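The next block holds one structure in the form of structure tokens; read it before the comments.
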Amino acid sequence: MNFELKPISADAIPEALQKVERYRLLNEPAEAQSICEDILRIDPDNQNALVMLILTITDQFGAGAVASEARELIPRLNTEYQRAYCSGIVCERSAKVLMHKHIPGANHKAYEELDAAMHWYERAESLRPPENDDAILRWNTCVRLLKKNPALQPRSQERYAEVLGE
């Protein structure tokens with residue numbers, strides 16, 4: 001069978017974006033992602049759809065989606081503020097998934113991702129529009145995560161000498 005995607009009309013974009021928000025609230029990010037992709041097929045520069053697509057991908061971290069998918073979209077955002085803020089979101093959400101993985105080095109990687117998120121949020125804070133404290137709120141969330149999870153630490157800078165022989 002050969003199925004083809006059907007395009008939506010440009011007039012349907014506002015309602016489609018509302019559906020994206022509803023599907024995200026219903027914890028159905030794959031459906032939300034599909035709608036974002038439909039919007040971007042007819043309006044590739046739609047900033048709301050790009051941001052929502054980045055968020056829907058991050059909603060799926062740990063369920064198959066990877067950070068690189070979201071990071072590839074960030075250069076398409078029009079403002080430096082949005083690029084910095086969304087970069088922080090990707091790092092923060094990646095860290096949260098890593099915090100629940102029980103593999104060697106996951107806590108160090110989670111720390112590194114939170115550190116990177118905080119860097120991006122500081123950048124976004126310096127670029128934010130008046131009365132927009134979103135980057136500060138996200139920064140504070142990262143600080144609280146680090147304080148509540150003492151196992152999240154940077155990698156040791158120590159280098160051990162190689163042991164040869166017995």
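Keep in mind that what you see is a predicted model, and the values were worked out from it rather than measured.
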Stepwise side chain to side chain contact (heavy atoms under 4.5 Å, CB included) check, Arg138 with Ile89
CA-CA 8 Å; Arg138 299 286 2 124; Ile89 291 285; 3.7 Å; yes
Using a strict cut-off of less than 4.0 Å between a Lys/Arg side-chain nitrogen and an Asp/Glu carboxylate oxygen, indicate whether [X] and [Y] qualify as a salt bridge.
X: Glu112; Y: Arg155; result: yes
X: Arg41; Y: Glu37; result: no
X: Glu125; Y: Arg128; result: yes

Go through the steps to decide whether Thr56 and Leu53 satisfy the test side chain to side chain contact (heavy atoms under 4.5 Å, CB included), and finish with yes or no.
CA-CA 5 Å; Thr56 62; Leu53 180 55; 3.8 Å; yes
Using a 6.0 Å cut-off, check whether atom CZ of Phe61 has over 12 heavy atoms from anything other than its own residue.
yes
As a quick check of understanding, evaluate side chain to side chain contact (heavy atoms under 4.5 Å, CB included) for Ile13 and Ile42, giving each step before the final call.
CA-CA 9 Å; Ile13 290 176; Ile42 61 165; 3.8 Å; yes
Of all residues at least two apart in sequence or in a different chain, which pass the side-chain hydrogen bond (donor to acceptor under 3.5 Å, both in side chains) check with Gln18?
none
Interatomic distance, [X] atom [atom1] to [Y] atom [atom2] [nearest 0.5 angstrom]:
X: Arg83; Y: Asn78; atom1: CZ; atom2: CG; answer: 7.5 Å
X: Ile35; Y: Leu17; atom1: CD1; atom2: CG; answer: 9.0 Å
X: Tyr85; Y: Tyr121; atom1: OH; atom2: OH; answer: 6.0 Å
X: Met52; Y: Asp59; atom1: CE; atom2: CG; answer: 9.0 Å
X: His119; Y: Cys91; atom1: NE2; atom2: SG; answer: 9.0 Å
X: Arg93; Y: Ile57; atom1: CZ; atom2: CD1; answer: 11.5 Å

Is a donor on one side and an acceptor on the other found under 3.5 Å between the side chain of [X] and the backbone of [Y]?
X: Glu69; Y: Val66; value: yes
X: Asn46; Y: Asn48; value: yes
X: His108; Y: Leu152; value: no
X: Asn149; Y: Leu145; value: yes

Are [X] and [Y] in one and the same hydrophobic cluster, where Ile, Leu, Val, Met, Phe, Trp and Tyr link if side-chain heavy atoms are under 4.5 Å apart?
X: Tyr81; Y: Met118; value: yes
X: Val143; Y: Tyr111; value: yes
X: Leu114; Y: Leu98; value: no
X: Ile74; Y: Trp120; value: no

Can you name the nearest heavy-atom pair linking Ala110 to Ala95, along with the distance?
O-CB, 3.5 Å
Would you say the side chain of Thr58 lies within less than 4.5 Å of the side chain of Glu92, judging by non-hydrogen atoms?
no
Is there side-chain contact between Cys36 and Asp38, with at least one heavy-atom pair below 4.5 Å?
no
Just to verify, what does Val51 make a side chain to side chain contact (heavy atoms under 4.5 Å, CB included) with, not counting sequence neighbours?
Leu55, Leu77, Gln82, Cys86
